[in-house]
Student: 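Take a look at this one; I'll ask things after.
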Amino acid sequence: MRAAVMGAGSWGTSVAKVLVDAGTDTVIWARRPELAEAINTEHTNADYLPGIELPPELTATSSPVDALMGADIVVCGVPSQSLRDNLVQWTPYIGSEASLVSLAKGIESGSLLRMSEVIAEVTGVADDRIAVLTGPNLAREIAEEQPAATVIACVDESRAVTLQSAFSTRYFRPYTNTDVIGCEIGGSAKNVIALACGMASGVGFGQNTLATIITRGLAETIRLGVAVGAQIETLAGLAGIGDLVATCSSPLSRNRSFGARLGEGATMAEAQEATNGQVAEGVKSCSSVRALAEKHQVPMPLTDAVHGVCHDGTSVADAISSLLGRSTKPEIYRD
Ligand SMILES: NC(=O)c1ccc[n+]([C@@H]2O[C@H](COP(=O)([O-])OP(=O)(O)OC[C@H]3O[C@@H](n4cnc5c(N)ncnc54)[C@H](O)[C@@H]3O)[C@@H](O)[C@H]2O)c1
Ligand SMILES: O=P(O)(O)OC[C@H](O)CO
């Protein structure tokens, strides 16, 4: 097995390390030649994972063609809104039998497609060769080899099992799932809910508020998931509640950190600084998740509130008042 990890940000680099540690021959593509050089010679990626020693077996290149040639597994490790443009460049060099694995947790703006749908549309690859890797996986903790589980989802269960083995290490434990939709909805929605948790924490609210947002965030994620064909069990698992809890609770989360700065009174530009130049997917995906919910007539009040703060100039205080001012309802409802 040979893997190409396309994207040398924090998660692409951690996943490349996992693959090498799992015994999979791996090359990582970095946009900047100097980063590829640093990975090859110093075995570090100081911008994204400072202090982490990468395995010497991991090779890097700034040529997407060199990375993709002969790869059995192509791991898509760039942010959601740049995946389409990158895939257009990569497609001619992707092998006819290769598995494509999406790492990105977002919904494409405009098209409202999930990342596996973007991959299928651009590359023309059939669904049974497209997989998603998602779960409670903060990149730095995985790079530090802290134990964690994840999900590898593919409609072709046997391909998911093959990939499971390519990504299995003594610290990283993948479970298979055939519910690609549920895994992608869980991964995209949790970033938006983590922004809300960050805002609450930035304002100074404690654990009751956070638990309320996580639980009601899961409720609206399940409503959206069910409307687009996800299984509730998936959202009750690692790709749903698991990732939601990790992202909403950790100061390592870029989405939570971004929200926390907004809750403290920072502007959007100031909040961006809290992520050290790394992507906080929920900032853009709150609009596409909201649009997807509107398309399916699914109420997502927390997502609406986050969208209002990030894109409509609503203050965090007004967003909170408006959420608490909504009419009372039963805990469980579907419409
Ligand atoms: N970091 C994590 O803990 C983590 C964990 C699981 C999933 N993810 C998801 O993985 C995806 C990638 O996130 P990340 O954490 O590696 O992000 P990052 O910001 O750390 O790195 C993004 C990488 O993509 C590259 N990039 C950015 N824009 C690009 C473009 N237009 N064309 C080509 N390359 C571009 C950057 O140079 C960088 O190498 C996101 O969807 C994120 O939600 C992240
Ligand atoms: O840092 P975040 O907020 O992008 O979250 C990282 C991962 O998705 C957690 O599983």
Side-chain angles (χ1 to χ4, degrees), residues 1-9 11-31 36 39-40 43 45 54-78 83-84 86-104 114-135 137 139 142-143 149-178 180 183-184:
M1 278 283 185
R2 181 173 180 278
V5 177
M6 305 302 289
W11 190 219
T13 306
S14 291
V15 167
K17 178 180 181 307
V18 165
L19 282 159
V20 172
D21 291 345
T24 305
D25 181 20
T26 303
V27 59
I28 187 166
W29 168 73
R31 274 195 300 184
I39 294 172
N40 284 327
H43 313 298
N45 183 345
L54 299 171
E57 298 89 346
L58 175 63
T59 57
T61 176
S62 58
S63 158
V65 182
D66 289 351
L68 291 166
M69 279 305 180
D72 306 294
I73 303 172
V74 175
V75 179
C76 302
V78 296
L83 180 58
R84 179 178 291 272
N86 278 289
L87 280 170
V88 169
Q89 310 296 321
W90 302 341
T91 296
Y93 311 104
I94 296 173
S96 58
E97 299 298 319
S99 301
L100 280 82
V101 180
S102 167
L103 300 184
R114 292 175 282 104
M115 294 298 107
S116 65
E117 294 178 303
V118 173
I119 293 173
E121 188 172 285
V122 177
T123 63
V125 165
D127 286 355
D128 63 0
R129 278 175 47 208
I130 302 172
V132 168
L133 187 154
T134 187
N137 299 151
I142 304 298
T150 197
V151 180
I152 293 180
C154 182
V155 294
D156 177 356
E157 191 163 13
S158 66
R159 192 174 293 263
V161 170
T162 303
L163 291 167
Q164 181 180 40
S165 144
F167 287 88
S168 284
T169 74
R170 63 184 168 71
Y171 59 88
F172 195 67
R173 180 175 171 77
Y175 287 79
T176 59
N177 194 328
T178 53
V180 173
C183 285
E184 291 188 299

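In what follows, every heavy atom counts, from backbone to side chain, and hydrogens, waters and symmetry copies are set aside. Residue numbers count from 1 along this sequence.
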Student: Find out whether Arg31 and Val78 are in side-chain contact, i.e. whether some heavy atom of one side chain is under 4.5 Å from a heavy atom of the other.
Tutor: no

Student: Rounded to the nearest 0.5 Å, how far does CD1 of Ile28 lie from CD1 of Ile39?
Tutor: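 Going from CD1 on Ile39 over to CD1 on Ile28, the span is 5.0 Å.
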
Student: What I'd like to find out is whether the side chain of Cys76 reaches to under 4.5 Å of the side chain of Met115, using heavy atoms alone.
Tutor: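 Cys76 does not reach Met115 side chain to side chain.
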
Student: Is the number of heavy atoms from other residues, nucleotides or ligands under 6.0 Å of Arg84 CZ greater than 12?
Tutor: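 Yes, CZ of Arg84 has more than 12 neighbouring heavy atoms, counting only those of other groups under 6.0 Å.
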
Student: Go through the structure and list residues passing side chain to side chain donor-acceptor pair (under 3.5 Å) with Ser99, not counting sequence neighbours.
Tutor: Arg159

Student: Nearest 0.5 Å please: distance from the CG atom of Leu163 over to the CD1 atom of Ile73.
Tutor: 5.0 Å

Student: Under 3.5 Å, side chain of Ser165 to main-chain N/O of Val161, donor-acceptor pair present?
Tutor: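 No, the answer is negative, given that no donor and acceptor are paired below the 3.5 Å cut-off.
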
Student: Could you state the interatomic distance from CE (Met6) to CG (Leu68), rounded to the nearest 0.5 Å?
Tutor: 4.0 Å

Student: Are any side-chain N or O atoms of Asn40 and backbone N or O atoms of Ala60, one a donor and one an acceptor, separated by less than 3.5 Å?
Tutor: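 Yes, because the side chain of Asn40 sits within donor-acceptor range (under 3.5 Å) of the backbone of Ala60.
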
Student: Could you tell me which non-hydrogen atom of Ala4 sits nearest to which non-hydrogen atom of Ala67, and how far apart they are?
Tutor: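 Ala4 and Ala67 have their closest heavy atoms at CB-O, 3.3 Å.
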
Student: With heavy-atom distances below 4.5 Å as the criterion, would you say the side chains of Trp29 and Val74 are in contact?
Tutor: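 With C-beta onward as the side chain, the pair stays apart.
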
Student: What distance do Leu19 atom CG and Arg2 atom CZ have between them, rounded to the nearest 0.5 Å?
Tutor: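 Here the interatomic distance stands at 12.0 Å.
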
Student: Closest approach of Thr169 and Ala22, non-hydrogen atoms and distance?
Tutor: CG2-N, 3.7 Å

Student: Measure the spacing between CD1 of Ile130 and CD1 of Ile119 and express it to the nearest 0.5 Å.
Tutor: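 Between Ile130 CD1 and Ile119 CD1, I get 5.5 Å after rounding to 0.5 Å.
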
Student: Any side-chain heavy atom of Tyr175 within less than 4.5 Å of one from Ile152?
Tutor: no

Student: Mind listing the closest non-hydrogen atom pair of Ala98 and Ala71 along with its distance?
Tutor: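 Taking every non-hydrogen atom into account, CB-O, 3.5 Å.
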
Student: Nearest 0.5 Å, what's the CG-OG1 distance between Asp25 and Thr59?
Tutor: 7.0 Å

Student: I'd like to check the side chain to side chain donor-acceptor pair (under 3.5 Å) partners of Thr26; sequence neighbours left out, ordered by chain and number.
Tutor: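 Side chain to side chain donor-acceptor pair (under 3.5 Å) list for Thr26, sorted by chain: empty.
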
Student: Heavy-atom distance under 4.5 Å between the side chains of Pro174 and Leu133, does that happen here?
Tutor: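 Result no, sub-4.5 Å side-chain heavy-atom pair not found.
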
Student: Considering non-hydrogen atoms only, spot the tightest contact between Phe167 and Val18 and give its length.
Tutor: O-CG1, 3.4 Å

Student: Search all heavy atoms of Asn45 against all heavy atoms of Ala8 and return the closest pair with its distance.
Tutor: ND2-O, 2.8 Å

Student: Does Ala166 offer a backbone N or O that forms a donor-acceptor pair with the side chain of Thr24 under 3.5 Å?
Tutor: yes

Student: Would you please name every residue forming a ring-ring contact (aromatic ring centres under 6.0 Å, His included) with Trp11, sequence neighbours left out?
Tutor: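 Trp11 satisfies ring-ring contact (aromatic ring centres under 6.0 Å, His included) with no residue once adjacent residues are dropped.
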
Student: Check whether any side-chain heavy atom of Arg129 sits under 4.5 Å from a side-chain heavy atom of Leu100, and report yes or no.
Tutor: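 Yes, at least one pair of side-chain atoms sits under 4.5 Å.
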
Student: Determine whether Phe172 and Asn137 make a side-chain contact, defined as any pair of heavy atoms from C-beta on separated by less than 4.5 Å.
Tutor: yes

Student: Is any side-chain heavy atom of Arg114 closer than 4.5 Å to one of Val132?
Tutor: no

Student: Taking all atoms of both residues into account, what is the closest heavy-atom pair of Ala160 and Cys154, and its distance?
Tutor: CB-CB, 4.0 Å

